[in-house]
J.: 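Structure incoming, see below.
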Amino acid sequence: MAGPIERAGNLLPQFLVRRRFDADKASDGLRQALWGLFKKVVIADNLAGSVDAIFSNPGEHSGPELVLGAVYFATQIYCDFSGYSDIATGVARLFGFELRQNFAYPYFSRDIVEFWRRWHISLSTWFRDYVFIPLGGSRGVPKDRWMANIVATFAISGLWHGADWKFIVWGILNGVLYILWPKQMASHNGQTSSGECRLLPSFHHACQITATFGAILFGWVFFRAPSLSTAFQYLGGVFGGTWHSLPKTVHLLALLALLFPVEWLQRDKMHPLAISSLPRWVR
C-alpha cells in the first residue's frame, strides 16, 4: 500500500527464477526491515501525538512550536512511508526478491528536482511515465507547455493523495517550486552527491540542503493541515505569531537526533543498517 510500487518488468521475472537461500542477503534484508520498523514505531509513532495536537489547533501555539510541528510532521511522514518501504524491501530480500529503492535520503537533497528524484521514487517515476510523458513531457515542446505539464502532473499527484483542495494546492505549489527553484544539475547524476560524500557538507551545500528542506516544509503544512483554511492559519502563526515562548515539545528533537545523523553517515548505502562490512565492534 505504501510502496515501493514495483514495475512488472522488474518484479514478475523474479517469480520465474529458482531462488536459493542466501544468508548474506537474508541478514541484510532483516537489517533493512529492522531499520524500517525503528523509523515507524520509535520515531513516527512517537511524533504523531504532538503533530496531531499542533495541527488541530494552530492558533493555540507559538511560532516556534508551529515550526517544530512542521518539522515533526516532515519527519513523521518520511519515517512512516520510508519505514514501510524498508520493511517491504527487507522482507522481500529475505525471500530472494530485489525491490528497487523507494526513498534515497530525500531530506539531504540540494534542490527541489533532486528531492523528487529521492522521495517515493516508485510513485514519482510512475507519475512521470504515465502522466507527465503522455501530457507531452519536456522534449520538443515549448517552455510554457513544459511548465503546464509539470504543474498538471503535480496537481494530479496531489489529487491522488486525497480529494481535497489542500492536496491540490500542495501539488501545484510543488510544481511551481520544481519549475522555479535553482537547479544543481551536477547533483542529479547520482544519488550520493549530497555533501560531496564528506563527513560534513560544505557551507554552500548545507545552505542548499536547508533551503530545500524549508521549501518542502512549507508545502507539508498544506498536506497535513485538516483544511486549506487551517493551513493558512498555521502559516500565519509561523510568520505573524508570537515568538517569545519556548516550544513545549522540544524534547522530541531527540528522535530526530536518532535518525538523521545515522542516515547522513550511511547516505551512500541502500539503507543505514547495511553494516556487514564494518568491524564487529562498530556494528
Side-chain angles (χ1 to χ4, degrees), residues 2-7 10 32 35-36 39-40 43-44 70-71 73-90 98-129 131-132 150 153-154 157-158 160-161 170-171 173-198 201-202 204-220 223 256 259-274:
I5 304 170
E6 194 55 76
R7 299 297 181 88
N10 179 56
Q32 185 167 2
W35 183 250
K39 286 194 289 187
K40 166 59 185 165
I43 298 180
V71 172
F73 174 67
T75 308
Q76 178 197 0
I77 192 172
Y78 167 67
C79 288
D80 258 333
F81 283 106
S82 69
Y84 287 137
S85 292
D86 281 334
I87 293 171
T89 303
E98 290 296 330
L99 306 184
R100 295 177 181 177
Q101 189 176 22
N102 202 30
F103 288 84
Y105 311 106
Y107 289 145
F108 302 146
S109 302
R110 290 157 50 194
D111 61 55
I112 299 297
V113 174
E114 186 180 1
F115 174 83
W116 286 109
R117 294 191 179 200
R118 293 171 174 266
W119 177 273
H120 208 336
I121 299 168
S122 61
L123 180 63
S124 298
T125 54
W126 191 95
F127 274 104
R128 179 198 66 195
D129 294 345
V131 179
F132 177 67
I150 288 287
T153 301
F154 273 98
S157 73
W160 181 87
H161 286 86
W170 170 78
L173 174 63
N174 277 280
V176 172
L177 288 173
Y178 190 97
I179 292 170
L180 299 179
W181 201 266
K183 315 234 178 0
Q184 308 298 322
M185 295 308 297
S187 70
H188 301 156
N189 296 328
Q191 294 180 333
T192 61
S193 58
S194 289
E196 301 174 326
C197 297
R198 298 159 29 151
S202 66
H204 180 60
H205 284 180
C207 290
Q208 291 175 327
I209 293 170
T210 302
T212 302
F213 180 72
I216 295 299
L217 213 60
F218 186 86
W220 282 141
F223 191 95
L256 280 65
L259 172 72
F260 290 115
V262 174
E263 293 213 330
W264 173 261
L265 293 173
Q266 292 286 88
R267 64 194 183 280
D268 61 336
K269 304 292 196 306
M270 282 290 290
H271 61 89
L273 289 188

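Note that the coordinates shown come from a computational prediction; the quantities given were computed from them, not determined experimentally.
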J.: Keeping the roles fixed (side chain from Arg267, backbone from Trp264), state whether a donor-acceptor pair exists under 3.5 Å.
T.: yes
J.: Could you report the tightest heavy-atom contact between Asn102 and Ser122, atom names first, then the distance?
T.: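 For Asn102 and Ser122, the tightest heavy-atom pair comes out as OD1-OG, 2.7 Å.
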J.: Could you check whether atom CZ of Phe81 has more than 12 heavy atoms from other residues, nucleotides or ligands sitting under 6.0 Å from it?
T.: no
J.: Keeping the roles fixed (side chain from Gln32, backbone from Leu273), state whether a donor-acceptor pair exists under 3.5 Å.
T.: no
J.: Do Trp126 and Val131 come close enough that some side-chain heavy atom pair is under 4.5 Å?
T.: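 Sidechains of Val131 and Trp126: in contact.
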J.: Taking all non-hydrogen atoms of both residues into account, name the closest pair between His161 and Ser157 and its distance.
T.: ND1-O, 2.7 Å
J.: Quick check for you: to the nearest 0.5 Å, what is the distance between Thr212 atom OG1 and Leu177 atom CG?
T.: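 Taking OG1 in Thr212 and CG in Leu177, the distance rounds to 9.5 Å.
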J.: Please determine which of Phe108, Phe213, Phe103 meets the ring-ring contact (aromatic ring centres under 6.0 Å, His included) test together with Trp119.
T.: Phe103
J.: Just one of Lys40, Lys39, His271, Gln101 clears the side-chain hydrogen bond (donor to acceptor under 3.5 Å, both in side chains) bar with Asp86, so which one?
T.: Lys39
J.: Closer than 3.5 angstrom, by distance alone: can the side chain of Arg118 be matched with the main-chain N or O of Ala104 as a donor-acceptor pair?
T.: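 Here the side-chain-to-backbone pair exists.
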J.: Working to the nearest 0.5 angstrom, can you tell me the gap between Trp181 CH2 and Ser109 OG?
T.: 11.5 Å
J.: Look at the side chain of Gln266 and the backbone N and O of Pro272, then say whether any donor-acceptor pair between them is shorter than 3.5 Å.
T.: yes
J.: Considering residues at least two apart in sequence or located in another chain, which fulfil the side chain to side chain donor-acceptor pair (under 3.5 Å) criterion with Glu263?
T.: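 Scan of Glu263 (side chain to side chain donor-acceptor pair (under 3.5 Å), adjacent residues dropped) gives Trp35, Tyr78.
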J.: In the structure I gave you, are the side-chain heavy atoms of Thr75 and Leu259 within less than 4.5 Å of one another anywhere?
T.: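 Counting from C-beta outward, Thr75 and Leu259 do come under 4.5 Å.
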J.: As a quick check of understanding, evaluate side-chain contact (heavy atoms from CB on, under 4.5 Å) for Leu256 and Ile43, giving each step before the final call.
T.: CA-CA 8 Å; Leu256 280 65; Ile43 298 180; 5.7 Å; no
J.: Quickly, which of Phe127, Phe132, Trp116, Trp160 forms a ring-ring contact (aromatic ring centres under 6.0 Å, His included) with Phe154? Name it, please.
T.: Trp116
J.: Would you say Ile77 and Phe223 make side-chain contact, with heavy atoms under 4.5 Å?
T.: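 Result yes, sub-4.5 Å side-chain heavy-atom pair found.
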J.: Which pair of heavy atoms, one from Ala70 and one from Leu217, lies closest together, and at what distance?
T.: O-CD1, 3.4 Å
J.: Flag the pair Thr125 / Arg100 as yes when at least one side-chain heavy-atom distance between them is below 4.5 Å, and no otherwise.
T.: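 Counting from C-beta outward, Thr125 and Arg100 never come under 4.5 Å.
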J.: Identify the two heavy atoms, one from Ala44 and one from Asp80, that lie closest to each other, and give their separation to 0.1 Å.
T.: CB-OD1, 3.7 Å
J.: Identify the two heavy atoms, one from Ile150 and one from Tyr178, that lie closest to each other, and give their separation to 0.1 Å.
T.: CD1-CE2, 3.7 Å
J.: Nearest 0.5 Å please: distance from the CD1 atom of Ile209 over to the CG atom of Asp111.
T.: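 These two atoms lie 10.5 Å from each other.
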